[in-house]
Amino acid sequence: MAQRTPRRSLRTRLLGAALVLVLAALLVAGLAIGLILHRFVRGQLDGRLDAQIVALRAGLEAGILPQNLDAPPYDRPGPGWAWMVRRGSETIRSGSLRGGDIRLTDPGPEDDPGRPHPAWGTGPRGQPLYARVLTLPGPPPATIVVAAPEGELYGPLREALTSLALALGILGLCLLAGLAFQVRLGLAPLRRLRVDLAAVRAGTRERVPAEQPAEIAPVVAELNALLDQNARNLERARGHVANLAHALKTPLATLSMALAAPARDPDGDLRRQVEDMDRRVRHHLRRARAAALEGAARARTPLAPRLADLRDALTRLYAEKGVAIALVVPDGLVVSCEGQDLDEMLGNLVDNACRWCRGRVRVSADAEDGSVRVRVEDDGPGLDAEAAAAVMARGRRLDEGVPGHGFGLPITLELAELYGGGLRLDRSDLGGLRSELRLPT
């Protein structure tokens, strides 16, 4: 069994590409904005710590004891704000340290000895600290360390990044919704083109409208050119079929008239052969005509008017028999079939029912699953299951129809199948044969 190639949806590909690009853009934007926020928050904290370092340095250089510079929040124990000055063997601490020290776990790089640089450490209670360190040359050399709780750096950053992530998420959803709408709007002409092509195939439209977007207009122009070419090919095929029918009809008629004399065909064998040739020619000409319709837009033929005309004609034809033909057909039913072929199929079925009925014929129709079912029933002798199966099995042989039903049923079956339909025979509740013809809508 051949594997089916999975369909690749343009909508899925466009939306997938848009999703990847939007996520990548949001990720890059989030990283860039996060880096900017980190630098901003750290710069604000560095400025605050450096201001304390400047005050402590100025006090040392002026000979003022740094304890006099122990202002809030450096004078309260616990929060982590602290400073410490080592000068020679002397260590001066802020009131928040209460005799403890700031232990630097990561002194950090000292790029410029005359400027404060960042460092990491812990307080007396082991709390993590972010510090700024300044080394002053001696004599004696001094080191100023001013620290803040690590949460002062990462707390505002976490809050800002949380708000940023929420904003970027909402922005991403809005962008994806806009892109989905844009993709739907961009593919709308393709959906309209599909509907127009379905209308052409159903026979309600001859051509695809030429008013299309610039990207689709060349495709529509080629489709219309293909439809025009198929229509011309169909007309040529019909012309050839008509010419062939006319060319064969005259010789066969001449032979039939010549063999009408008993002396020329005493036993009638030659005449039967000529009639058989005529039936076969007509059969294959009908088949060629119906097969040609497969490549072009199908005609849509109303069913009720054709059956009404057929009922009037057959009622007059079988007036002496007194046949009553009842029609139960909705007015809106149409079939995708040429009118001439529909007349021939319906004529064969209804004429067969009139020929074998006792006086009643009923024709009904309904639509189901994209098809129209036409049922022709009579109150005649009908066919048993074996005879009906034989007719259906040999219906493609025009000379092997069941006796009493002529060659109308094989021709009808052939035409119905060429149009994508079918023919089924069974017993009618009227007592006779029920022929059910199925044709596409």
Side-chain angles (χ1 to χ4, degrees), residues 29-168:
L31 292 176
I33 298 175
L35 180 60
I36 294 173
L37 287 174
H38 180 268
R39 293 183 63 182
F40 176 77
V41 173
R42 184 167 176 172
Q44 293 290 317
L45 185 59
D46 287 348
R48 187 173 180 181
L49 297 178
D50 289 349
Q52 183 67 18
I53 289 177
V54 170
L56 292 170
R57 179 179 182 178
L60 288 175
E61 292 176 349
I64 302 174
L65 292 178
Q67 288 91 335
N68 298 331
L69 301 174
D70 201 9
Y74 300 100
D75 59 345
R76 296 191 300 270
W81 293 91
W83 57 264
M84 183 177 67
V85 178
R86 284 194 177 97
R87 185 171 55 181
S89 60
E90 182 184 11
T91 301
I92 305 171
R93 304 172 182 84
S94 64
S96 60
L97 289 177
R98 299 296 176 125
D101 286 335
I102 299 174
R103 294 182 295 276
L104 297 178
T105 57
D106 182 6
E110 189 175 356
D111 299 328
D112 188 352
R115 298 176 61 85
H117 64 274
W120 302 91
T122 58
R125 297 179 179 83
Q127 67 269 38
L129 301 175
Y130 171 71
R132 298 282 289 178
V133 180
L134 175 63
T135 302
L136 298 175
T143 302
I144 302 174
V145 180
V146 180
E150 193 178 77
E152 293 293 328
L153 176 62
Y154 292 116
L157 188 60
R158 280 195 297 269
E159 293 178 2
L161 290 179
T162 301
S163 301
L164 174 64
L166 180 61
L168 290 179

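For the atom pair W83 CH2 and I102 CD1, the distance stands at 10.0 Å (nearest 0.5 Å).
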Side-chain donor/acceptor pairs under 3.5 Å, residues 143-159, sequence neighbours excluded:
none

Sequence neighbours left out, cut at 3.5 Å: what donor-acceptor pairs do the side chains of residues 29-46 make with other protein atoms?
unit_1, atom_1, unit_2, atom_2, d
R42, NE, Y130, OH, 3.1
D46, OD1, Y130, OH, 2.5
D46, OD2, Y130, OH, 3.4

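Residues L104 and M84 have side chains not in contact (no heavy-atom distance under 4.5 Å, counting atoms from C-beta outward).
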Give the C-alpha distance, both sets of side-chain angles, the deciding distance and a yes or no for side-chain contact (heavy atoms from CB on, under 4.5 Å) between L129 and W81.
CA-CA 8 Å; L129 301 175; W81 293 91; over 6 Å; no

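Tested against P116, the residues V133, T135, V54, D50 include a single side-chain contact (heavy atoms from CB on, under 4.5 Å) partner, D50.
Between the side chain of S94 and the backbone N or O of A82 there is no donor-acceptor pair closer than 3.5 Å.
Residue R87 comes nearest to P140 through the heavy atom pair CG-CG, 3.7 Å, listed as atom of the first residue, atom of the second, then distance.
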